[in-house]
Amino acid sequence: MKTIGIYVHVPFCLAKCVYCDFVSYRYKEESAERYLLALDREIRLWSKKLRDTAVKSIYVGGGTPTCVGGEGLRRPLRALRKHFSVLPGAEVTVEVNPGTLTAGLLEILRHEGVNRLSVGMQTADDKLLRFLGRGHAPGDVAATMRTARSTGFDNVNLDLIFGVPGQDLSCWERTLGVAVALEPDHLSAYSLEIHPRTPLGAAAAAGSVVPCPEEEELLMYLRAIEFLAAHGYEHYEISNFTRPGKESRHNRLYWEGEPYLGLGPAAHSYLNGCRWSNTADLDSYCKNLERQRLPVSEEVPLTEEDEMAEAMFMGLRLIEGVSCTRFEARFGRKAEVIFAKKIKGLVAQGLLRREGDRLRLTRKALPVANVVFRAFV
Ligand code: SF4
């Protein structure tokens, strides 16, 4: 039986953060109800098409999934288990924002088989939280962690952001210190991207906000690697750090080129050699499903060349790199032959190295990994 991961996009937030480029709408009860009904239809339609498929991970992201409340989240979680064959021990993650949850909500999630939480901490600095438009205060993260632990969650991720305008290295170090003191099982640290079509992008274009200098951002990234390693977190993917045995299994599936189904507005899928995304427009997403039609908006069949390139640039995100044996088993061709010239060039630049069966990024390449990825596109 084939296995897949399922991503569910919950497209609501209480307010929009200034840097946010994700598809999310301001939460309204009527829109959420219409969305949940549409999502239920989407789950049923896909389950009929994927009868011979088992689900090994589920990730509910957003948006702010907890906006729809425990009862709202219970519905898709139950529907997925009812209509799909979810494997015993499957990893089931829900993203939660500090300040939007209660013990009651987390108890519902536990009861529905959720076994991993991803908490949007971002920073421990109150001023930066307000600058970013996040709806929580620093103390809410500790309260969320306490509630998570007391309701039985033993796998909790904290999401952090660095390179925020106005943030310096010592401010970032304080955030790392606060985060580690909360003893999460996993940490993700992403640099802030300033997207042009956001309020932050407009402010940066107008010169009223000065982006964090690249050199400072690089120092923050390197500091995170060093600091988290010193506190027992293994750096296993460019932006991800884990305690032993707590890697994100769902995200690993993306990095290893395994198939996944995306449900909800703007969700992306990769199945049977095709990539597609759902319509991002909430109304059109719901209308399609009210007419029993899948809300697929863009479908791109991938050639074998596309899939091999993806296997390289996604696989190289993992610190362990790409297994040449696994690549050959998947494609019947050797990565070292197909990409011989590119690999030689990157090795000569000190960005890639061969270690036993694996091709992996060097430490020098980590902060400029996009240069390596672009070489394979
Ligand atoms: S909580 Fe996340 S999805 Fe919602 S507005 Fe902020 S960054 Fe965007």
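Numbering of ligands and ligand atoms starts at 1, following listing order. None of these values were measured; they are calculated from a predicted model.
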Under 3.5 Å donor-acceptor pairs involving side-chain atoms of residues 138-148, not counting sequence neighbours:
{"from": "Asp140", "atom 1": "OD2", "to": "Ala137", "atom 2": "N", "distance (Å)": "2.9"}
{"from": "Thr144", "atom 1": "OG1", "to": "Asp140", "atom 2": "O", "distance (Å)": "2.8"}
{"from": "Thr147", "atom 1": "OG1", "to": "Ala143", "atom 2": "O", "distance (Å)": "2.7"}

**Request:** Tell me, with the steps shown, if Tyr233 and His235 meet side chain to side chain donor-acceptor pair (under 3.5 Å).
**Result:** CA-CA 6 Å; Tyr233 290 88; His235 185 203; over 6 Å; no
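- Within 4.0 Å of ligand 1, contacts by protein heavy atoms are made from Cys13, Ala15, Lys16, Cys17, Tyr19, Cys20, Phe22, Gly63, Thr64, Asn97, Arg134.
- Under 4.0 Å is where a charged nitrogen must lie from a carboxylate oxygen, and between Asp185 and Arg149 at least one such pair does.
- Formation of a donor-acceptor pair under 3.5 Å by the Thr362 side chain with backbone atoms of Gly350 is found in this model.
- Within the 3.5 Å criterion, the main-chain N or O of Lys334 finds no donor-acceptor partner in the side chain of Glu328.
- Both tests do not hold together for Arg116 against Phe153: distance to the six-membered ring centre under 6.0 Å, angle to the ring axis within 45°.
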